[in-house]
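Everything quoted here is computed from the prediction, not taken from an experiment. Each chain gets a letter, A, B and so on, in the order the sequences are listed, and its residues count up from 1.
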Protein chains: 2
Amino acid sequence: MGITKSDLFTRQQNELANMAKAIAHPARIAILQHLIKKNACITGDLVEELGLAQATTSQHLKELKNAGIIQGSIEGASVCYCIDPKVWKQYNTVFNMFFKEVKNNGSSCC
Amino acid sequence: MGITKSDLFTRQQNELANMAKAIAHPARIAILQHLIKKNACITGDLVEELGLAQATTSQHLKELKNAGIIQGSIEGASVCYCIDPKVWKQYNTVFNMFFKEVKNNGSSCC
DNA sequence: AAATATTATCGTAATATTGCGATATGGGAA
DNA sequence: TTCCCATATCGCAATATTACGATAATATTT
């Protein structure tokens, strides 16, 4: 199996899970943090920064792009990546909403 | 190779990635949401709620327990699970800190 | 003690992810 | 055009995740 039974869950649950998956790798977090710090940068810089092979870095960038968190624009022979502030904000909101659900009534267990 | 090169990244990056991984599955999100809603409940209820096999549900519970988000206490022949409010709050804080990093200066790309 | 109920663990199969070398693709320079 | 440079994609190997039936472990009931 190894395949997630998405049909058992709500759209909201699947979406949140996918959003979490997008950032569920240290390399992708490192990419995002570097993009935040530098505001924007090209693939080559990220390859150096991460210490992973160029192919691997490119793959992680693709996943982040698929998730919509980053966008890439062609800059001559290079590609310049940056965070999409709108999607980023949406991520922040969705995660916040999820974590806000707990009403902290002291010790809650049985 | 399929193995994450954790040594290339900071402890903070690896931790955040692991926290994201813990909630990166709709079944685990469904479990957490149900625990929030009912405050606490036993494995059997969760098996019914999810529609996954008992073994699979138990496995997801184990992962959430390993992540520290939930705790289980033996209740006769059953096990009663609930959210650990302290860890939950910590998750909220860590994700918030991460998403807060972006200074929204309009259009940021190259 | 024996039967039943509840949950965890084991073993296994299917699929997904991670990583990299090799190769393709497309732009800029000679 | 031909030669580089930067990046993406392909193909493959190793490992991880997801799922479930079968079984083990433990508590309760009969």
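Within the structure, ring pair (Phe, Tyr, Trp, His ring centres under 6.0 Å) pairs that include any residue of residues 62-93 of chain B comprise F98(A)-W88(B), F99(A)-W88(B) (at least two apart or interchain). Listed by first and then second residue, the ring pair (Phe, Tyr, Trp, His ring centres under 6.0 Å) pairs involving residues 10-66 of chain A are H25(A)-H60(A) (not counting sequence neighbours).
A straight line from CG of D7(B) to P of dT18(C) spans 16 Å, rounded to a whole angstrom. Between E49(B) atom CD and dT7(C) atom P the separation is 15 Å, expressed in whole Å.
Between Y81(A) and dA8(D), a side-chain N or O to OP1/OP2 separation shorter than 4.0 Å is present. For the pair T43(B) and dA8(C), the criterion of a side-chain N or O lying under 4.0 Å from OP1 or OP2 is met.
With sequence neighbours left out, the side chain to side chain contact (heavy atoms under 4.5 Å, CB included) criterion links Q12(B) to Q33(A), T10(B). In this structure C80(B) satisfies the disulfide bond (SG atoms under 2.5 Å apart) test together with C110(A), sequence neighbours excluded. Every residue meeting the side chain to side chain contact (heavy atoms under 4.5 Å, CB included) condition with S6(B), not counting sequence neighbours, appears here in chain and number order: T4(B), N14(B). With sequence neighbours left out, the salt bridge (charged side-chain N to carboxylate O under 4.0 Å, His left out) criterion links E15(A) to R11(A). Judged as a side chain to side chain contact (heavy atoms under 4.5 Å, CB included), and not counting sequence neighbours, the contacts of T57(A) are L46(A), V47(A), L50(A), L52(A), L61(A).
Toward the 5' end of DNA chain C, the nearer of the two residues G44(B) and K5(B), judged by each one's closest nucleotide, is G44(B). Comparing S6(B) and V47(B) against DNA chain C, the residue whose closest nucleotide sits nearer the 5' end is V47(B).
For the contact set between residues 50-78 of chain A and DNA chain C, defined by any heavy atom under 4.0 Å, the members are L52(A), A53(A), A55(A), T56(A), Q59(A), H60(A), E63(A), G76(A). Within residues 11-26 of chain A, the residues approached by DNA chain C to less than 4.0 Å at the level of any non-hydrogen atom are K21(A), H25(A), in residue-number order.
In L8(B), the CG atom is crowded: over 12 heavy atoms of neighbouring residues, nucleotides or ligands sit closer than 6.0 Å.
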